[in-house]
Amino acid sequence: MADHLTGLNNKQKEAALHMKGPLLIVAGAGAGKTKTITHRIVNLIKEGVAPEKILAVTFTNKAAKEMRERIISEIKKSAKGQDTVPFVSTFHSLGVYIIKENARMLGLTRYFTILDESDSTALVKEAMKKLEIDIKQYDPRKIRNIVSREKGKFVHLSDYAEGAQDHLGKIVARVWNLYEKKKEKENSLDFDDLLLKTTKLLKENEEIRKIYQEKWQYIHIDEYQDTNEVQYLMSKLLAEKHRNIAVIGDSDQLIYSWRGANLKNILNFEKDYPEAKIVLLEENYRSTKNILEAANVVIKKNKYRPDKNLFTERKVGEKISIYEALDEADEADFVATKVLEILDSAAEHVPEGLGSATARARGIFQQKNIRTLRNMHGRAELSEIAVLYRANFQSRVLEEAMLRYNIPYQVLGVKFFERKEIKDTLAYLRAALNRDSLSDIKRIINFPARGIGKVTLAKIFTNDVENLPVKVKIKIENFYKILEEIKEKIENETASQVIKFVVKKSGIEEALFHGDEEDRERLENIRELATLALKYDGLPKEAGIAKLLEDAALASDQDSLIDVPTKVGTPTGIGAVKLMTVHASKGLEFKYIFITGLEDGLFPHTKDGEIKNNEDSEEERRLFYVALTRAKEKLFLSFANFRTIFGARGINAPSEFLGDIPADLLEREGGKEKIKTIYI
């Protein structure tokens with residue numbers, strides 16, 4: 001057997017050895033899909049395909065980074081002499097790459113600004129105010145979401161405006177129109193434009209389409225079940241000539257239909273490519289037999305899915321624990337004390353004075369004792385624990401419990417790049433490179449304070465500076481001089497040096513240093529940004545900052561796990577329990593998983609007044625399946641009899657999902673009556 005295929009099972013080998021034509025890999029949870037794609041790409045290179053002819057696209061920066069590192073590692077071992085690597089990226093990063101190469105054709109400069117969600121919502125809000133549309137009656141975020149959803153369907157403004165019949169549709173069309181004009185004026189694009197404009201360019205320009213079809217003759221799409229219409233079309237256009245497209249996914253893990261993900265894309269792959277080879281990966285390498293059996297039983301209740309049955313050669317494992325809490329506080333208390341028990345059991349010994357988990361639960365576990373975790377195996381276990389919930393509001397009481405018991409924790413979704421001080425610093429960089437970015441200039445022209453007010457700003461934006469007082473003109477000139485100096489540094493210094501220069505030259509450092517404790521913490525975060533920028537120092541001078549800005553704009557929740565520093569409840573140098581929504585956990589795995597809030601109406605989730613159809617119900621079940629299959633060793637399920645939501649305390653019935661799990665796989669926490677008497 002070839003060295004690069006060592007460790008693959010028969011089905012994985014079958015996928016890895018497929019060379020020509022379309023390939024659909026149906027990969028169940030934990031079935032080694034990244035490993036399979038990696039070895040397939042390495043095999044292509046071993047068989048003589050130039051690495052630069054290979055494209056691999058996935059959905060998150062974390063997945064792209066992991067795949068890229070694995071491919072490089074395997075190439076070094078199995079394809080020696082290669083000094084080039086395949087193009088591995090997310091869909092959005094791929095869009096940025098193609099747009100930058102064709103910026104002039106799209107009416108953009110190479111340094112266009114990428115608007116994050118809050119930036120684009122702010123621009124929609126500005127458009128609504130300009131059109132005198134009441135933002136209290138019509139939520140700007142809702143308008144933006146409608147626009148985003150339509151773009152994901154590959155619907156253009158002109159088509160939407162023509163088909164808009166109802167009052168809301170006509171309002172959306174008006175706002176969308178002005179929103180596009182504002183972005184054009186600012187030389188900026190939103191997330192959806194990165195996909196829409198790229199796909200439109202490929203579809204309408206045959207010459208450019210042929211360039212990229214020749215550039216990437218072997219295409220791999222990860223998590224294919226999560227593609228929306230525009231991603232599906234982009235993939236199809238790129239693969240149109242050579243038809244060497246390999247997609248991998250699992251219909252049981254589609255949980256993003258609300259973002260436009262279309263299950264039909266993976267279900268209809270054989271119709272799109274009748275000659276496609278189909279490979280089914282059913283062996284799970286992640287979870288114990290008990291966890292996997294529970295997941296299989298749960299997902300089999302869904303009807304709209306190809307039949308498959310995951311199996312594992314791993315141990316039977318512990319039973320799944322279930323806890324019936326009085327209320328959300330009791331549930332959070334259970335989670336926290338269980339975490340402490342896990343740490344105790346993982347530690348080689350409990351240091352004198354630290355006491356048992358029970359003692360700590362009574363308040364003996366002091367902050368100073370956190371230091372002792374550094375001497376325990378338990379410190380590693382912290383990073384192997386995740387607490388999942390269906391809705392973001394559930395994190396508050398869980399955070400309180402973690403703080404009460406002094407357990408280091410991290411909340412996914414608290415993004416480093418969304419902090420005000422970080423956005424301010426990055427705005428200086430973006431404005432220096434893109435003077436048309438009025439949103440960035442508006443953000444920083446008076447931060448730190450320079451005595452430039454709203455009236456002055458309005459005159460700047462309407463090119464009416466000549467009528468301003470001389471002192472104000474000087475202030476404006478000094479501001480633009482700072483931007484010019486920053487641009488010069490970007491062209492001549494490394495990324496980390498540029499960040500340090502911006503902080504000093506802009507006056508941010510001095511302003512925050514002389515502020516209160518919170519200001520000084522903000523300054524520490526900016527200094528962390530300079531540290532983070534070190535990884536871009538190896539790129540050509542200007543490219544380093546450009547890549548940093550791109551990565552910052554496209555950062556996702558999961559990026560806070562690996563690349564971005566965080567201080568949320570986490571002492572430096574210690575691992576942390578992860579708190580996140582089930583959606584955010586997609587693609588991750590942990591030794592211990594807590595799934596909380598398993599109550600009817602919360603998980604499965606039902607909004608007030610909402611009538612769920614079969615598709616909605618099946619997606620909620622898929623979401624629970626994803627939650628279950630994140631666990632490697634041990635699962636804890638919990639629900640509360642009472643929960644306060646939006647100020648109202650309600651009585652809850654247990655989630656129907658609990659009744660789906662066979663009773664012999666469950667054990668009750670707390671020693672109450674047998675579980676089967678409750679759920680059957």
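Owing to the predicted nature of the structure, the values given are computational and were not obtained by experimental measurement. Along the sequence shown, the residues carry numbers beginning at 1. Worth knowing before you read on, the calculation uses all heavy atoms, side chains too, and leaves out hydrogens, waters and symmetry mates.
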K.L.:
Do Ser148 side-chain atoms and Arg144 backbone N/O form a donor-acceptor pair below 3.5 Å?
P.N.:
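Side chain of Ser148 to backbone of Arg144, a donor-acceptor pair under 3.5 Å: no, none is there.
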K.L.:
Please confirm whether the ring centroid of Tyr256 lies under 6.0 Å from the ring centroid of His583.
P.N.:
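Between His583 and Tyr256, which both carry aromatic rings, the centre distance is below 6.0 Å.
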K.L.:
Run the salt-bridge test on Lys33 and Glu223 with the 4.0 Å N-O cut-off and return the result as yes or no.
P.N.:
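A salt bridge links Lys33 with Glu223.
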K.L.:
Might you work through the salt bridge (charged side-chain N to carboxylate O under 4.0 Å, His left out) test for Arg396 and Glu399, ending with a clear yes or no?
P.N.:
CA-CA 5 Å; Arg396 180 192 60 81; Glu399 286 188 71; over 6 Å; no
K.L.:
Below 4.5 Å, heavy atoms only, C-beta onward: do Val57 and His220 meet side chain to side chain?
P.N.:
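Heavy-atom side-chain distance check fails, nothing below 4.5 Å.
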K.L.:
Are side-chain N/O atoms of Ser118 and Thr121 paired as donor and acceptor at under 3.5 Å?
P.N.:
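No, no side-chain donor-acceptor contact under 3.5 Å.
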K.L.:
If you measure from CZ on Arg443 to OH on Tyr428, what distance do you get to the nearest 0.5 Å?
P.N.:
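Answer for the CZ-OH pair, Arg443 versus Tyr428, is 11.0 Å.
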K.L.:
With sequence neighbours left out, write down each residue that passes salt bridge (charged side-chain N to carboxylate O under 4.0 Å, His left out) with Asp193, or none if nothing qualifies.
P.N.:
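Partners of Asp193 under the salt bridge (charged side-chain N to carboxylate O under 4.0 Å, His left out) test: Lys151, Lys183.
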K.L.:
Donor-acceptor check, side chain of Asn145 to backbone of Arg141, threshold 3.5 angstrom: yes or no?
P.N.:
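Side chain of Asn145 to backbone of Arg141: a pair is present.
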K.L.:
Do Lys420 and Asp424 sit within salt-bridge range, that is, some charged N less than 4.0 Å from a carboxylate O?
P.N.:
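Salt bridge flag = yes for Asp424 with Lys420.
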K.L.:
Salt bridge or not for Arg520 and Glu524, using N-O below 4.0 Å?
P.N.:
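Answer for the salt bridge query: no.
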K.L.:
Do Met105 and Ile208 come within less than 4.5 Å of each other through their side chains, counting heavy atoms only?
P.N.:
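Yes - at least one pair of side-chain heavy atoms lies under 4.5 Å apart.
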K.L.:
Within the structure provided, determine whether Arg622 and Gln253 are in side-chain contact (heavy-atom separation under 4.5 Å).
P.N.:
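A side-chain contact under 4.5 Å is absent here.
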K.L.:
Using a strict 4.0 Å threshold on nitrogen-to-oxygen distance, state whether Lys500 and Glu509 make a salt bridge.
P.N.:
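A salt bridge is absent here (no side-chain N lies under 4.0 Å from a carboxylate O).
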K.L.:
Can a donor-acceptor pair be found, under 3.5 Å and without considering hydrogens, that links the side chain of Thr581 to the backbone of Ala584?
P.N.:
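Looks like yes, one N/O pair under 3.5 Å.
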K.L.:
Can any side-chain N or O of Arg630 pair as donor or acceptor with the backbone N or O of Leu588 at less than 3.5 Å?
P.N.:
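Yes; at least one donor-acceptor contact below 3.5 Å.
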K.L.:
Which residues pass the salt bridge (charged side-chain N to carboxylate O under 4.0 Å, His left out) test with Arg209, not counting sequence neighbours?
P.N.:
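Expected list: Glu240.
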K.L.:
To the nearest 0.5 Å, what is the distance between CG on Leu195 and CE on Met234?
P.N.:
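Answer rounded to 0.5 Å: 4.5 Å.
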K.L.:
Less than 4.0 Å between a side-chain N and a carboxylate O, is that true for Asp116 and Lys423?
P.N.:
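Salt bridge present between Lys423 and Asp116.
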K.L.:
Counting only heavy atoms not in Lys203, do more than 12 sit closer than 6.0 Å to its NZ atom?
P.N.:
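Check fails, neighbour count at 12 or below.
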K.L.:
Determine whether the aromatic ring centres of residues Tyr97 and Phe87 are separated by less than 6.0 angstrom.
P.N.:
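Centroid separation for Phe87 and Tyr97: below 6.0 Å.
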K.L.:
Determine whether Glu186 and Thr113 satisfy the following criterion, side chain to side chain donor-acceptor pair (under 3.5 Å), listing intermediate values before the conclusion.
P.N.:
CA-CA 8 Å; Glu186 293 197 8; Thr113 295; over 6 Å; no
K.L.:
Going through the distances and angles, do Ser120 and Asp190 end up as a side chain to side chain donor-acceptor pair (under 3.5 Å)?
P.N.:
CA-CA 6 Å; Ser120 56; Asp190 61 27; 5.5 Å; no
K.L.:
When you compare the side chains of Tyr160 and Asn177, does any donor N or O come within less than 3.5 Å of an acceptor on the partner?
P.N.:
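No - no donor-acceptor pair under 3.5 Å links their side chains.
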K.L.:
Any carboxylate oxygen within less than 4.0 angstrom of a Lys/Arg side-chain nitrogen, looking at Glu126 and Lys442?
P.N.:
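Here Glu126 pairs with Lys442 in a salt bridge, since their nearest N and O are under 4.0 Å apart.
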K.L.:
Could you grab the distance from atom CD1 of Ile41 to atom CZ of Arg70, nearest 0.5 Å is fine?
P.N.:
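CZ of Arg70 is found 11.5 Å from CD1 of Ile41.
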K.L.:
Look at the side chain of Thr199 and the backbone N and O of Leu196, then say whether any donor-acceptor pair between them is shorter than 3.5 Å.
P.N.:
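Here the side-chain-to-backbone pair does not exist.
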K.L.:
Quick test of your reading of the model: are Lys65 and Glu69 salt-bridged, counting only N-O distances below 4.0 Å?
P.N.:
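Looking at Lys65 and Glu69, the cut-off is met.
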K.L.:
Just by distance, do the side chain of Ser188 and the backbone of Glu184 share a donor-acceptor pair under 3.5 Å?
P.N.:
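Side chain of Ser188 to backbone of Glu184: no pair is present.
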K.L.:
Within the supplied structure, the quantity of interest is the number of heavy atoms (other residues, nucleotides, ligands) at a distance under 6.0 Å from Lys197 NZ; does it exceed 12?
P.N.:
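Check fails, neighbour count at 12 or below.
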K.L.:
Does a side chain donor of either Thr38 or Glu74 reach within less than 3.5 Å of an acceptor in the other side chain?
P.N.:
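The answer is no; no qualifying pair exists.
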K.L.:
Check whether any side-chain N or O of Glu384 sits under 3.5 Å from a backbone N or O of Lys591 as a donor-acceptor pair, and report yes or no.
P.N.:
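Such a contact is found between Glu384 side chain and Lys591 backbone.
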K.L.:
Check this for me, if you would: do Glu477 and Lys481 make a salt bridge, where the nitrogen-to-carboxylate-oxygen distance has to be below 4.0 angstrom?
P.N.:
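Salt bridge: no.
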K.L.:
Report the residues that fulfil side-chain contact (heavy atoms from CB on, under 4.5 Å) with Lys505, sequence neighbours left out, ordered by chain and then residue number.
P.N.:
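Partners of Lys505 by the side-chain contact (heavy atoms from CB on, under 4.5 Å) criterion, ordered by chain and then number, come out as Ile482, Glu485, Phe501.
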K.L.:
Check whether Asn265 reaches the backbone of Gln225 with its side chain - one donor and one acceptor, N or O, closer than 3.5 Å.
P.N.:
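Checked: no pair found.
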K.L.:
Do Glu484 and Arg435 sit within salt-bridge range, that is, some charged N less than 4.0 Å from a carboxylate O?
P.N.:
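Salt bridge: yes.
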K.L.:
Do the side chain of Glu101 and the main chain of Ile98 share a donor and acceptor less than 3.5 angstrom apart?
P.N.:
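Not confirmed, Glu101 side chain does not pair with Ile98 backbone.
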K.L.:
Would you find more than 12 non-hydrogen atoms of other residues, nucleotides or ligands less than 6.0 Å from Glu488 atom CD?
P.N.:
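No - once you tally the heavy atoms of other residues, nucleotides and ligands closer than 6.0 Å, there are 12 at most.
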K.L.:
Is it true that a side-chain atom of Ser437 and a backbone atom of Asn434 form a donor plus acceptor pair closer than 3.5 Å?
P.N.:
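Between the backbone of Asn434 and the side chain of Ser437 there is no qualifying donor-acceptor contact (under 3.5 Å).
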K.L.:
Could you walk me through whether Asn102 and Tyr212 pass the side chain to side chain donor-acceptor pair (under 3.5 Å) check?
P.N.:
CA-CA 12 Å; Asn102 302 277; Tyr212 292 105; 3.0 Å; yes
